[in-house]
Each structure stands twice: as structure tokens, then as C-alpha cells.
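Each chain gets a letter, A, B and so on, in the order its sequence line appears, and its residues count up from 1.
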Protein chains: 2
Amino acid sequence: MLELLVETRCFAGLHRRYRFHSRELAGDTVFAVFLPPQALEGARVPVLYWLSGLSCTDENVMQKAGAQRLAAELGLALVAPDTSPRGEKVPSDPEGSWDFGHGAGFYVDASQAPWSRHYRMHSYVTLELPELVEAQLPISNRRGISGHSMGGHGALVGAMRHPGRYSSVSALAPIANPARCPWGQKAFSYLLGSDNQTWQAWDASALLSSGQGPVGPDGRPLPLLVDQGSADPFLASELKPEALEAAATASDHPLTLRRQAGYDHSFFFVSSFIDDHLRHHAAALLS
Amino acid sequence: MLELLVETRCFAGLHRRYRFHSRELAGDTVFAVFLPPQALEGARVPVLYWLSGLSCTDENVMQKAGAQRLAAELGLALVAPDTSPRGEKVPSDPEGSWDFGHGAGFYVDASQAPWSRHYRMHSYVTLELPELVEAQLPISNRRGISGHSMGGHGALVGAMRHPGRYSSVSALAPIANPARCPWGQKAFSYLLGSDNQTWQAWDASALLSSGQGPVGPDGRPLPLLVDQGSADPFLASELKPEALEAAATASDHPLTLRRQAGYDHSFFFVSSFIDDHLRHHAAALLS
């Protein structure tokens, strides 16, 4: 049961927010969708799933990225889930920090108590949410996936763990090697336990270097587009695009890593390059 | 003395926030500027002043309108002041409401105590701020002015009260007849006093119907572009575009009033039409 919370006209399409009870998250969650005008005229349109970063909700990308203009022109739907399970019954960071817990679910399926009951963001965003929107909205099963920061990590890992499920993948300033950075180590320790061998299956650089690069419905490798600002304060300590680059080279996987001079980690960076990402996805989804 | 608070790269230009002591506002204030790439390459670029609506700061339009993309392409600077004086010494709504006082200065020069000391937003945005940015930033004296809601009112009145000062003017969902709507009547009662004859000089529809429509540097009438969503919840009670339309007809002033079916009062509406407004201004500012 989808409960419509908000409906707002935008670029001749519709921005909507829905709440529903998620099986994977074992609780209510909210997501946003942008339906381009083509979807209102009876077409079933391809879709870009967008995963947001630490401390975001579904609202940030819809309000700040400026993606709807070109999505409307191209005829792409956008779907933006929340960044974690939420609610009084959902455990959060024991230290009360913003980099883990509510708003920071890290897009894995947790194996450790008490996290494993609600923190199943990976299965939620890659399986449950697409199943729902494809059944109930004019959205097709031609899927792209992208995201920013923690969401870039989620998008890369999501595509890599599900060969054939996505037709396109990209990321902006992703946490490219979470098993080896403080944000990822903290979250994975809680969610996946202390054995960091199990972390490798949730680390884009580890997956890619072991030959599990993303593969499209036709069985061919999906080219990766990644943008990274050179003035991003988290670049060296948390994001580590060089690890992804080395993995792509080692596994001979196509990667376009663009280092964007002077850009930081904000939505001013995301908005500056979102159109290039939409075109990257549209080239695959609308072909 | 401009104090740089934030500098962020955006669309190959720069988003900045500055703080300085405003003479007109008798206190510190913050404004934002977007400098397009052309301004970083030594050009002095024309500028669009953007006045925001109730409860906004300089940040809303910069984060939510998606204006930088086309502004960068066109070579237009954007300047966004705050919506009121602020600070502990600045009086605000006695009732603590959001529709008057801090965040809601209504872009007039107050004549009544205690408001008249700080609430001089009109002189601040039309005179002091342009003087400052034209002296200290690579911004020319070719000026356009626009805004949303309360800021649309401010833009229209600003252009009408200063013949020859602006080369272009437009508004999105402006409070078009503030002397005759609850928001305007409340604010004007405080700021301008109870004699509503004095309010007419701060009301776009009244000014236009009395023949004081906006005039450009060449002495010719400036064509007005106004967008208004048909599903805007404030349309009938507060915005009253029909009053502006009647005044334009009565005074034979060129007005393009576009009623946009289904759009509301949010930034989803603003972002959907901001490009049309930028092009409207660019046609005058870059000719």
C-alpha cells in the first residue's frame, strides 16, 4: 500500500513522495519519485535509482540536484529512497553521530544483531523498491543506478552484486573503498561484524578487482562513470577513487573517472555534473 | 568590508556567500553571489538580482532553483540578498509569526518606529547592494531584477520606483497587490503605518495602474514576465495576479502573465520556469 504524501508539478511532470511499509526494512519508509511528462501520457518509462549520502533523506536530491529538467526532457523517471531505516524501534549510532545509523545505513544487508532486523538497505533498494514501483507506477524494468558519496558506494555495489539487473551505473564522489576508510570501517563493523573478510563483498573496489565488475542485461560489462571533485575535503581519507581506478585497471573494466578541478563534496558539485550522468544513463536506458 | 564566508565551485563558476555591515540595514547581513565562468576570466558580467520570499534566506534560491546552469552558459551573475534585516537588535513580528519580521522584510523602507531603523530592504537591495557588488566584484551595472512571492513584489516595485536603473524585470508568483492582501496589509501596517494611502507607492499594481510602470535605461517601458501556478494555495488570497494584469491593461504596459496549470508555490515551480526568466533577462542584459 503506497500512501501518497506529496504531489507537486515539476517540469511538466510530477514530483511525489510516498510512504509504505517495507518488508526488508521492517517498518515504514518514505521515498520520492519524479515522473517525467512521458509517464503521465501513458508511457512506461525507464528509471534511474538515486542513492543519497550520509545524513540525507529522499528530499535532498529532489530539491538540490536540478535533475528533473533533463530527466523530463529525456523521459527518465527518478526514484530516491531514504538513506536508512528510521523510527523509534530502529537502532542508531550508539555515539549519536551522523556517520552511522539513522540517515546512514550504508546500503548493505546487516548480518549482526541488533542491526540485521532493519538495516537491509541493499535488498530494499535493489529488489523491494524496484518491484514496488514497477508494479504500481508507470515505470519499466529498464534500470540505472547512481548516487552520491555513501550513495555512490551503494550504487556501485548494488550494480556489481546483481549482474543483469541494471543497464547503467554511475557515481558522484563515491566511498569507493569502504573497507579501508573510517566511515566504512565504522559502519561495516557494526553491520557486518568484525571479520573484515566479509566486508569485501560490500566494497566496490574489492568486488571490481576480483572480477565482479557490473554487467548489464546483455551480459556485457557496464561502463562506469565516476566524477570526483579535487577540492572535496573527504577525498583522501574517505573516498579513495584511486582504489576504484586501480581495480578497474587490474580487471580491465571500463571506467571513466573524471577529477573535477576545484569542486567540493556539496550539491553544488552534484548539480554541476548531474546532466552528464543522466545522459550516461539515458544512452543505455533509452537505446 | 566584505567577509567571504563560503566559496564553492559550481558549473565552472563560483558560488560565494559574503557578510558585511549594511548601512541601510544598520547591521550585518549575508548575501550570496554566483559568478559565472566568464567573470572568472576577467569579464565584468551583467547581473540578475534575485529577491526571495517569506522565510527564505540567500540560500534557498542558490540551492533549489537550479539557476546556475543556464546563468553559467549565458554569462550572468546572480546576486541573492537575505529577506530581511536580522539580529538580536532587529525587532520582529510581535506575534512570532513567519509572515512578518525576520525573514519577511517586504522590501520596503519602513517609516514607522521601531521598524524604520533596520527595515530598509528596498534601499538596501536596489541601491546599497548593487553599489557594493559593482565596486568589489566583476559585476557590471547592467542589472535585472526578479524574485519569488514576497520577492516578486520586491522586484516589481524595485524596478518601478527606479526608472532607468534596471534593464529587465520579472517575477514568479509575486504578491502583486500587497495593499489588498492579508500578508501585505499586516506588514505595511507595521512598516508604513495605518494610512493606506502611503501603501500605494509600494504596491506594484497601484504603481502600474497610475502610470509608473518600469522603465529601462533607454526610457522605454520594460516588458514584464510573470509566471503564476494555477494550483498555488496563495493565489486567490495573497498573490492576485489579476490586479497586475488589470493595471497593465489600464496603463497599456507590456505584460506576459503565464498561468501555469497545476503548479504550486514551491521551488519545484520556480525551478521549472527559472530558465525562461534567465533568458528574458539575458535578452535585455546581453543585447
Side-chain angles (χ1 to χ4, degrees), chain A residues 5-17 32-37 40 56 59-73 78 80 172-173 227-233 235 258-279, chain B residues 5-17 32-37 40 56 59-73 78 80 172-173 227-233 235 258-279:
Chain A
L5 303 178
V6 166
E7 180 174 89
T8 308
R9 190 155 290 269
C10 181
F11 285 99
L14 285 174
H15 168 255
R16 289 183 184 155
R17 299 183 77 206
V33 58
F34 173 69
L35 294 174
L40 310 183
C56 287
E59 296 196 284
N60 304 67
V61 67
M62 292 294 184
Q63 294 185 1
K64 294 184 173 180
Q68 293 95 337
R69 186 192 64 87
L70 187 57
E73 187 181 314
L78 307 172
L172 289 116
D227 277 302
Q228 173 61 58
S230 74
D232 188 323
L235 173 53
R258 308 193 303 184
R259 291 181 166 86
Q260 303 288 3
Y263 286 85
D264 68 12
H265 200 66
S266 70
F267 267 93
F268 291 110
F269 159 68
V270 173
S271 65
S272 296
F273 300 103
I274 194 75
D275 282 3
D276 291 348
H277 285 254
L278 291 170
R279 290 203 172 88
Chain B
L5 302 178
V6 166
E7 181 174 88
T8 308
R9 191 156 291 267
C10 181
F11 285 99
L14 285 173
H15 169 253
R16 289 182 184 155
R17 299 183 77 206
V33 59
F34 173 69
L35 293 174
L40 311 182
C56 287
E59 296 197 283
N60 304 67
V61 68
M62 292 295 184
Q63 295 185 0
K64 295 185 173 181
Q68 293 95 337
R69 185 192 64 86
L70 186 57
E73 185 181 317
L78 307 172
L172 288 116
D227 277 302
Q228 173 61 58
S230 73
D232 188 322
L235 174 54
R258 309 192 302 184
R259 291 181 166 87
Q260 303 288 4
Y263 287 85
D264 67 14
H265 201 65
S266 71
F267 267 93
F268 292 110
F269 159 68
V270 173
S271 64
S272 296
F273 300 103
I274 194 77
D275 282 3
D276 292 347
H277 286 254
L278 290 170
R279 290 202 172 89

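Within the 4.5 angstrom heavy-atom criterion, no atom of A/F267 approaches chain B. Using a 4.5 Å cut-off between heavy atoms, B/A12 contacts chain A through both its backbone and its side chain.
Nearest heavy-atom pair, B/F268 versus A/M62, reported as atom, atom and distance to 0.1 Å: CE2-O, 3.4 Å.
In this structure, CD in A/E7 is found 10.5 Å from CG in B/D264, a value given to the nearest 0.5 Å. Atoms CG and CZ, on A/L70 and B/R69 in that order, are 8.0 Å from each other to the nearest 0.5 Å. Note that OG of A/S271 is 14.5 Å distant from NZ of B/K64, once rounded to the nearest 0.5 Å.
Counting heavy atoms from C-beta outward, B/R9 and A/Q260 have side chains that stay 4.5 Å or more apart.
Residues passing the ring pair (Phe, Tyr, Trp, His ring centres under 6.0 Å) test with A/F273, sequence neighbours excluded: A/Y263, A/F269.
Counting heavy-atom pairs under 4.5 Å between each of A/G262, A/A65, A/G66 and chain B puts A/G262 at the top.
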